[in-house]
Amino acid sequence: MENVRRHLQQQIVRKTVCQVEVRLPRLVRTPADAAEFGRRLEGGTIQAIGRRGKYLLIWIPPHLLVSHLRMEGQYRLCSREAPELPHTHVVFRFTDGTELRYRDVRQFGTMDLIPVPTAGPGLDWVLTACQSEAPFAAPPDELALPPGLRNLGPEPFDPQVTARVLRQRFAGRTAPVKALLLDQTVVAGLGNIYADEALFQAGLHPAWPAGHVSVRQAASLLAAVRDVLERAIAAGGSSVKTFVDGYGRHGGFQWELAVYGRSGLPCPRCASPIEKLRVAGRGTHVCPRCQPWPRRLAQAGRTVRRRRNNPGGAGMQSEGLR
DNA sequence: CATGGGTCCTGAGTGC
DNA sequence: TGCACTCAGGACCCAT
């Protein structure tokens with residue numbers, strides 16, 4: 001998402017919308033009437049592109065367009081004549097003859113168009129959120145943000161987030177630590193791939209009860225989360241299946257994945273075969289040696305079910321790795 | 001409140 | 001070849 005934001009920042013800021021075509025109204029959550037969504041955008045000029053967690057923020061006064069791509073949403077800036085790819089659900093036409101096309105095979109993405117006051121805390125929050133590296137600030141009530149964005153936790157790079165703070169957020173929780181990493185109200189921005197990679201890098205088992213994570217473990221986990229995200233951004237994102245950035249380019253981080261989608265393949269650190277489990281309802285990849293299950297808990301009974309190896313669809317095969 | 005499971009959706013893969 | 005079935009996952013909804 002950070003790569004998408006950066007590319008859109010270069011591509012569509014200062015463009016003026018002249019027409020909007022919504023072909024799959026279900027993607028537009030607010031306003032309820034998708035035609036109204038288009039009408040409100042027409043005539044507006046895009047001022048800035050921000051990001052909070054996995055939410056893309058497009059500031060087009062007097063509105064904020066909150067866009068979530070889920071797994072497979074894609075934005076592409078095209079000339080009006082360029083042939084259209086299938087699964088194009090929303091088209092934003094600009095006065096300069098270009099258009100921004102939103103594609104989404106799975107149709108899971110969402111768009112919310114939120115009114116932004118011309119002054120006051122609502123505007124201030126939007127301005128701050130559209131600056132990269134802005135520290136965490138709770139949005140004011142006057143902004144009618146979608147609940148997922150309203151309740152979003154801090155960015156992992158926020159200096160306010162320390163190992164101690166992270167452990168505090170884990171305290172008293174019995175859910176697996178991976179479930180809390182994926183919980184966007186705890187920390188913003190981690191999905192299944194980066195959660196698995198960070199846990200591996202921290203040497204922490206995903207099913208470890210979050211409340212049992214020590215300050216020391218929280219510190220290595222936070223460092224791992226930051227390192228994984230930094231490397232993924234530098235590589236242009238992870239194109240495990242279909243991800244492309246605003247120029248249609250694939251990312252490169254899938255070649256650096258240590259465990260995700262690599263069940264049965266050797267751990268890059270110790271060469272043990274990577275195992276695939278189900279934790280927090282998601283496919284979960286671990287190195288059984290680098291991420292040992294705590295002995296004390298093993299006796300209390302396993303809650304982790306083993307799954308058969310590499311059912312095929314999930315991700316990278318050995319081709320090209322290493 | 002915390003937790004876990006079902007749901008949305010389509011395409012790719014698998015097995016018979 | 002064709003068809004039924006499973007799987008992938010982010011956020012949301014719901015039952016316990």
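In what follows, chains carry the letters A, B, and so on, assigned in the order in which the sequence lines appear, proteins first and then strands, with residues in each chain numbered from 1. The shown structure was predicted, so the numbers you read here are calculated from the model rather than taken from an experiment.
- Under the 4.5 Å side-chain heavy-atom criterion for Ile, Leu, Val, Met, Phe, Trp and Tyr, F157(A) and L180(A) are members of the same hydrophobic cluster.
- For R40(A) and E42(A), the salt-bridge test fails: no basic side-chain N is under 4.0 Å from an acidic carboxylate O.
- Here the P atom of nucleotide dC9(B) and the CG atom of L27(A) are 11 Å apart, to the nearest Å.
- Using a 4.0 Å heavy-atom cutoff across all strands shown, T110(A) reaches no nucleic acid atom at all.
- Both L149(A) and F108(A) sit near DNA chain C, but only F108(A) has its closest nucleotide nearer the 5' end.
- Contact check, H87(A) against dC9(B): no side-chain N or O comes under 4.0 Å of OP1 or OP2.
- Exactly one of L65(A), V66(A), L41(A) qualifies for a side-chain contact (heavy atoms from CB on, under 4.5 Å) with I58(A). That residue is L65(A).
- At the heavy-atom level, P86(A) lies nowhere under 4.0 Å from the strands shown.
- The residue among A280(A) and Q107(A) whose nearest nucleotide of DNA chain B lies closer to the 5′ end is A280(A).
- Side-chain atoms of R282(A) come within donor-acceptor range of the base of dG10(C), with a qualifying N/O pair under 3.5 Å.
- If you check every strand for non-hydrogen atoms under 4.0 Å, G281(A) touches nothing.
- The aromatic rings of Y194(A) and F253(A) lie tilted to each other, with the angle between the two planes from 30° to 60°.
- OP1 or OP2 of dA8(C) lies within a sub-4.0 Å distance of a side-chain N or O belonging to K276(A).
- Here the P atom of nucleotide dA11(C) and the CZ atom of R150(A) are 17 Å apart, to the nearest Å.
- dG5(B) atom C1' lies 15 Å from atom CG of L182(A), rounded to whole Å.
- Following rounding to the nearest Å, M71(A) (CE) and dT7(B) (P) show an atom-to-atom distance of 16 Å.
- Look at CZ on R103(A): it is 15 Å from C1' on dC9(B), rounded to the nearest Å.
- Rounded to an integer number of Å, the gap from N192(A) CG to dC7(C) C1' is 13 Å.
- The phosphate of dA11(C) (OP1 or OP2) has a side-chain N or O of H68(A) nearer than 4.0 angstrom.
- For Q184(A) and dG10(C), the shortest distance from a side-chain N or O to OP1 or OP2 is not below 4.0 Å.
- Between Y55(A) and H68(A), the ring-plane angle classifies as perpendicular under the 30° and 60° cut-offs.
- Neither OP1 nor OP2 of dC8(B) sits under 4.0 Å from any side-chain N or O of R26(A).
- Within the structure, every side-chain polar atom (N or O) of R173(A) is placed at least 4.0 Å from both OP1 and OP2 of dG4(B).
- As rounded to whole Å, 10 Å separates atom P of dG4(B) from atom CG of L180(A).
- If you measure from atom CD of Q74(A) to atom P of dG10(C), you get 16 Å, rounded to the nearest angstrom.
- With hydrophobic clusters built from ILVMFWY side chains whose heavy atoms lie under 4.5 angstrom apart, F92(A) shares a cluster with I60(A).
- The side chain of R70(A) places no N or O atom within less than 4.0 Å of a non-bridging phosphate oxygen (OP1 or OP2) of dC9(B).
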